[in-house]
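Since the structure comes first, as structure tokens, the remarks are kept for the end.
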Amino acid sequence: RALRAHRLRRFQGLLIVTMAMGAIFLVGHALEYLKLSKELTPTSNAYGSAFYLITGLHAVHLTVGLVVLAYVLIQGFRGRYDSGGEPVGVQCGFLYWHFVDAVWIAVFSVLYLSERI
């Protein structure tokens with residue numbers, strides 16, 4: 001919305017906030033792996049294998065999403081979006097980011113909540 005309204009600084013600021021939250025999530029994920037590795041490893045059991053495979057793939061997708069958002073941000077700083085609108089590249093980057101978010105809901109539900117059921 002900010003880009004469509006020609007509010008480029010707001011657009012860039014919100015992208016930076018989003019990327020910071022994604023990076024914080026990845027750091028938390030790495031810390032979780034360090035904590036869990038004492039009792040749960042990929043070779044511990046089937047749950048451990050599934051947990052590390054699925055959450056690891058999600059972390060890879062999140063990293064790719066951060067790279068995509070960084071590219072969009074850099075293009076914004078280079079003035080590519082000064083004319084406003086919402087270029088297809090921005091739309092695709094945001095759709096990918098939302099896909100990663102939606103996948104996390106499924107991953108969290110299946111791996112984190114199912115463990116307690």
Looking at every non-hydrogen atom in both residues, tell me the closest pair between [X] and [Y] and how far apart they are.
X	Y	result
L40	G48	CD1-CA, 3.6 Å
G56	H29	N-NE2, 4.4 Å
S49	P42	OG-O, 2.6 Å

So does L14 get a backbone contact from the side chain of T18, meaning a donor-acceptor N/O pair under 3.5 Å?
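Such a contact is found between T18 side chain and L14 backbone.
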Within this structure, what is the CD-CG distance for the pair E32 and L26, rounded to the nearest 0.5 Å?
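Here the rounded value is 12.0 Å.
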When rounded to the nearest 0.5 angstrom, what is the spacing between CZ in R7 and CZ in R1?
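Those atoms lie 11.0 Å apart.
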For residues 61-80, dump all side-chain donor-acceptor pairs below 3.5 Å to protein atoms at least two apart in sequence or in another chain.
residue : atom : partner : partner atom : Å
H61     : ND1  : L57     : O            : 2.8
T63     : OG1  : A59     : O            : 2.8

Output every pair passing side-chain hydrogen bond (donor to acceptor under 3.5 Å, both in side chains) with a member in residues 50-60, not counting sequence neighbours, ordered by first then second residue.
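Non-adjacent pairs meeting side-chain hydrogen bond (donor to acceptor under 3.5 Å, both in side chains): Y33-T55.
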For F94 and F11, take the angle between the two ring planes, folded into 0 to 90°, and tell me which bin it lands in: parallel under 30, tilted 30 to 60, perpendicular over 60.
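Geometry flag for F11 against F94: tilted rings.
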Less than 4.5 Å apart, any side-chain heavy atom of [X] and any of [Y]?
X	Y	result
Y112	F51	yes
V27	L31	yes
W104	V100	no

Is there a path from F25 to V17 through hydrophobic residues (I, L, V, M, F, W, Y) whose side chains come within less than 4.5 Å of each other?
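Not linked; separate clusters.
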Examine V103 and L53 and state if one hydrophobic cluster contains both, with Ile, Leu, Val, Met, Phe, Trp and Tyr joined whenever side-chain heavy atoms are less than 4.5 Å apart.
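Shared cluster, no.
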Should I105 and D101 be marked as a side chain to side chain contact (heavy atoms under 4.5 Å, CB included) after you check the CA-CA gap, both sets of side-chain angles, and the distance that decides it?
CA-CA 7 Å; I105 292 169; D101 287 341; 6.0 Å; no
